[in-house]
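Below is one structure, written out as structure tokens, with a few remarks after it.
None of these values were measured; they are calculated from a predicted model. Any value given below was found using the heavy atoms of this structure, including those in side chains, with hydrogens, waters and symmetry copies removed. Just so you know, ligand 1 is whichever comes first in the structure, and atom 1 is the first atom listed for that ligand. The first residue of the sequence shown is numbered 1, and numbering continues consecutively from there.
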Amino acid sequence: MNVVQVYAEEISTQLQHVLTYDEIVKLIEKPKYQEQGDLAFPCFTLAKKYRKAPVVIAQEIAASLRNPLFEKVVPEGPYVNCFLNKQEVSKHILQTILTKGEKYGSHRIGKGEIITIDFSSPNIAKPFSMGHLRSTVIGNALAKIAEKCGYQPIRINHLGDWGTQFGKLIVAYKLWGNKEAVKANPISELLRLYVHFHSEAEFNPDLENEARKWFKQLEEGNEDALNLWRWFRDESLKEFSRIYSLLDVEFDSYNGEAFYNDKMEMTVEMLHEKKLLFESEGAEVVDLSEANLPLCLIRKSDGATLYATRDVTAAIYRQDNYKFKKAVYVVGHEQSLHFKQIFLVLEKMGYEWAKDMVHVPFGFILKEGKKMSTRKGKIVLLEEVIREAIELAKHNIEVKNPRLEHKEEIAKMVGVGAIIFHDLKNERLNNIEFSLEEMLKFEGTTGPYVQYTHARASSILRKAELTGDETNGLDDAHGWAVVKLLMEFPTIIQRSMQLYEPSVIAKYIIDLAQEFNRYYSHVKVLNEDNQINDRIALVRSVTIVLKEGLQLLGIKAPEEM
Ligand code: ARG
């Protein structure tokens with residue numbers, strides 16, 4: 001049940017087709033002040049149709065609305081305000097949550113259809129950047145939210161595993177590399193070789209020629225070149241996998257750029273057939289001036305295909321292979337133009353489904369206001385950052401709860417949860433300031449704060465002898481404030497899906513945790529009176545929703561911390 005729907009239904013029977021049920025749902029709002037009730041229906045739009053003043057219409061509607069879930073319905077100016085029956089509504093909501101458990105808040109909007117989520121997608125032999133971290137965390141949450149909404153997510157890691165840089169790497173490795181060093185520290189060693197190549201090439205232009213030759217060999221399938229490329233890729237992936245396992249993220253596909261090598265010719269041919277390719281300075285391009293976009297480069301004059309060619313090819317492959325209903329790309333906002341271009345190219349190719357593709361951009365991670373860079377020398381090794389967060393979390397636990405069991409495991413949940421929450425709590429397009437100390441605080445708007453609230457509620461439940469089943473509901477003001485939030489969870493999930501915005505859920509669980517802590521400081525939950533079972537029902541419902549909310553963001557909820 002959703003009280004907005006109940007209210008809308010009641011109003012709808014009064015209005016008899018003047019407004020549709022859906023129109024009524026859209027009009028219903030939350031009154032500004034608690035004293036004005038729980039729901040408000042504005043009558044302005046009705047004035048024209050009824051040829052009456054909204055104030056009069058509000059009075060008429062209010063007089064005839066009755067439902068056991070409503071305590072009273074009163075007109076206030078042009079609004080019809082509804083005061084919900086706290087006891088009845090809370091009984092219903094709490095019972096629903098306790099029966100459904102973690103399934104509370106699920107939707108069937110997705111109808112089991114496929115949504116591909118292209119996220120993380122780091123580049124082989126290069127450090128996993130802060131941008132890739134954001135993409136990983138946001139994409140992972142969106143996959144879970146999509147699943148909760150009834151979609152079937154396909155998680156795709158579109159690895160940057162092809163390009164002329166591999167020619168350079170092969171040359172550098174053959175000249176200055178050694179196997180053990182790469183095995184020990186794949187990314188930093190490969191990066192070192194790459195950087196070294198560039199500083200040497202400044203004085204020795206022959207190196208560039210060598211590199212071009214090797215890349216050509218690679219493209220032509222030379223075994224020696226292929227083996228090295230495969231090895232660089234495997235070693236880099238091993239290192240990325242450690243990060244993914246720390247973050248508890250998995251993928252359904254690691255088909256990266258190289259996977260499309262043998263499929264690109266087909267794309268170019270199709271573009272030709274559809275007469276979409278033009279020659280521009282020897283290169284082949286698609287003209288997108290109709291949308292005021294720059295030319296989309298498909299093939300360079302030397303025959304090489306590009307990032308865009310691969311993405312167009314990948315989209316066609318994914319539609320053929322997965323029949324996606326939606327295709328989402330979680331990539332930084334600096335690539336917005338690229339996605340506009342490839343979506344339009346696909347549309348011009350006549351693909352209906354091009355309209356189902358969405359770029360979900362996000363802002364930068366900053367350190368003291370400056371972009372965190374992974375360029376020469378200044379590399380921030382992500383794995384180290386995550387391990388540091390876990391160490392700090394362990395330290396906090398050591399101070400707060402030295403006798404806690406499974407400290408290591410819980411410190412991991414808290415440290416990783418802190419990083420994820422810090423990323424997801426603000427709208428994704430905002431830049432975020434990176435500060436481990438901030439994100440690990442047990443107070444304020446942090447992951448550990450929500451986890452801590454959940455653990456505290458769990459510990460109340462461990463002490464309780466009742467289960468909260470068969471609750472009669474509550475009618476005190478603090479409990480009601482919590483119930484009202486619990487009631488919103490399904491709508492919150494739907495909104496975060498519509499907006500591709502995990503922050504909607506993050507903000508919500510902060511509100512819920514704060515409201516619950518307020519409740520806890522005002523009410524003696526375990527006091528032996530005739531409402532104890534109902535209060536336990538409330539506490540259990542809160543743990544269920546906090547845990548599920550965290551889960552949707554990719555964060556674990558320990559029972560103790
Ligand atoms: N590897 C790219 C980068 O690091 C991101 C790829 C995003 N996905 C895509 N289909 N283009 O910038």
Inset, instruction - Could you tell me if any non-hydrogen atom of Tyr307 lies under 4.0 Å from any atom of ligand 1? - result: yes
Legend entry - Proximity flag Lys126 to ligand 1, non-hydrogen atoms under 4.0 Å: no
Legend entry - Element-labelled atoms of ligand 1 that are located less than 4.0 Å from some non-hydrogen atom of Asn123: 1 (N), 2 (C), 3 (C), 4 (O)
Inset, instruction - Number the atoms of ligand 1 from 1 as they appear, then name those within less than 4.0 Å of a heavy atom of Tyr329, with their elements. - result: 10 (N)
Legend entry - N/O donor-acceptor pair under 3.5 Å between Lys323 side chain and Asp320 backbone: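 Side chain of Lys323 to backbone of Asp320, a donor-acceptor pair under 3.5 Å: yes, one is there.
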In terms of residue, atom name and distance, what is the protein heavy atom nearest to [atom]?
atom: atom 8 (N) of ligand 1; result: Asp118 OD1, 3.1 Å
atom: atom 12 (O) of ligand 1; result: Gln335 NE2, 2.9 Å
atom: atom 4 (O) of ligand 1; result: His132 NE2, 2.8 Å

Inset, instruction - Look at Glu290 together with Lys348 and state whether they make a salt bridge at an N to O cut-off of under 4.0 Å. - result: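 So Glu290 pairs with Lys348 through a salt bridge.
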Inset, instruction - Of the side chain and backbone of Phe128, name the one, both, or neither that has a heavy atom under 4.0 Å from an atom of ligand 1. - result: neither
Legend entry - ligand 1 versus Leu159: contacting region, heavy-atom distance under 4.0 Å: neither
Inset, instruction - Using the side-chain contact (heavy atoms from CB on, under 4.5 Å) rule, pick out the option among Phe128, Phe240, Tyr254 that qualifies with Ser120. - result: Phe128
Can you see whether [Y] has [X] sitting over its ring - NZ or CZ less than 6.0 Å from the centre and within 45° of the normal?
X: Lys441; Y: Tyr449; answer: no
X: Lys263; Y: Phe259; answer: yes
X: Lys274; Y: Tyr351; answer: yes

Inset, instruction - With salt bridge (Lys or Arg N to Asp or Glu O under 4.0 Å) as the test, would you mind laying out the steps for Lys326 and Asp356 before giving the verdict? - result: CA-CA 5 Å; Lys326 273 201 170 15; Asp356 304 321; 5.3 Å; no
